[in-house]
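Taking it in order: structure first as structure tokens, then the write-up.
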Amino acid sequence: MSKDLIPKMTLALSRRTFLHRSAVIVGGALLGGPAFAANQVCRLTEPEIVGPFYRFGAPFRSQLAGPDEPGDRLILTGTVFSSDCRTPLPGALIEMWQANNAGLYDTSKPGNFTEATTFHLRGMLYTDEKGRYQIETIVPGRYPVPPNLPGLEKYAGLMRPAHIHFRVIESLHIPLTMQLYFKGDPFIAKDPWAGHKQSLAIDLEQDGRLRRGVFDIVLARGL
Ligand SMILES: [Fe+2]
């Protein structure tokens, strides 16, 4: 990953943002101090389905969207922690994939996980020595659930809230698959996935022409 971007990340973390994260952790864990405040709760990040648009083999990169990609520019940062919400996990592999601004993925073959696409708006990276990640992308567009997906037929046509997919793997922890949402999206409430997992929705803050979001991830220990 582009480690030159990492130092900017912690500086962007606001107290308000900390208090609204899913696995709520006090900034001390990131900034070198003690981990928890008295009113904070440590929770594992909630899992979700992989969905039909995952593809194996995305390139290593932290910039998912090129400079000419249409859409609102988004800088997303966070830290991957162990189940105590305070031990950062360096070297965790994060895969991300998302739709473009118009709600389209780089494939029209849902469910074909080994298809070699252009890997547009897809990437993977390792967390740095402090368990941190940063990606530069665009806010994804919404899209309807495609028809004729085995097991999801009853949801065909349902408009999904904007989301970014994650898979997170670390050798001593249980792999996590999840989707990240954005607070205020009116399609969250009736979504069969996001509607029950409010902890996976974050606030985005405007920073000039950028939007910034912070999402920390807590994995379950496998030992
Ligand atoms: Fe999706």
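Just so you know, residue 1 is the first one in the sequence shown, and it goes up from there. Both counts, for ligands and for their atoms, begin at 1 and track the order of listing.
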Practice prompt. Please examine the side chains of Pro88 and Arg132, heavy atoms only from C-beta on, and report whether any two atoms are closer than 4.5 Å.
Written response: no
Practice prompt. Describe, in one word, how the ring planes of Tyr105 and His163 are oriented to each other, choosing from parallel (under 30°), tilted (30 to 60°) and perpendicular (over 60°).
Written response: tilted
Fill in: Geometric class of the Phe113/Tyr54 ring pair [parallel <30°, tilted 30-60°, perpendicular >60°]
perpendicular
Practice prompt. Applying side-chain hydrogen bond (donor to acceptor under 3.5 Å, both in side chains), name anything that partners Asn101, two or more places apart in sequence or on another chain.
Written response: none
Response to the item:
For residues 184-213, the ring pair (Phe, Tyr, Trp, His ring centres under 6.0 Å) pairs (sequence neighbours left out) are Tyr155-Trp193
Discussion item. What protein N/O/S atoms are there under 2.8 Å from the Fe ion (ligand 1), waters excluded?
Written reply: Tyr105 OH, Tyr143 OH, His163 NE2, His165 NE2
Practice prompt. Run through the side-chain heavy atoms of Ile, Leu, Val, Met, Phe, Trp and Tyr, join any pair under 4.5 Å, and report what else lands in Leu210's cluster.
Written response: Ile75
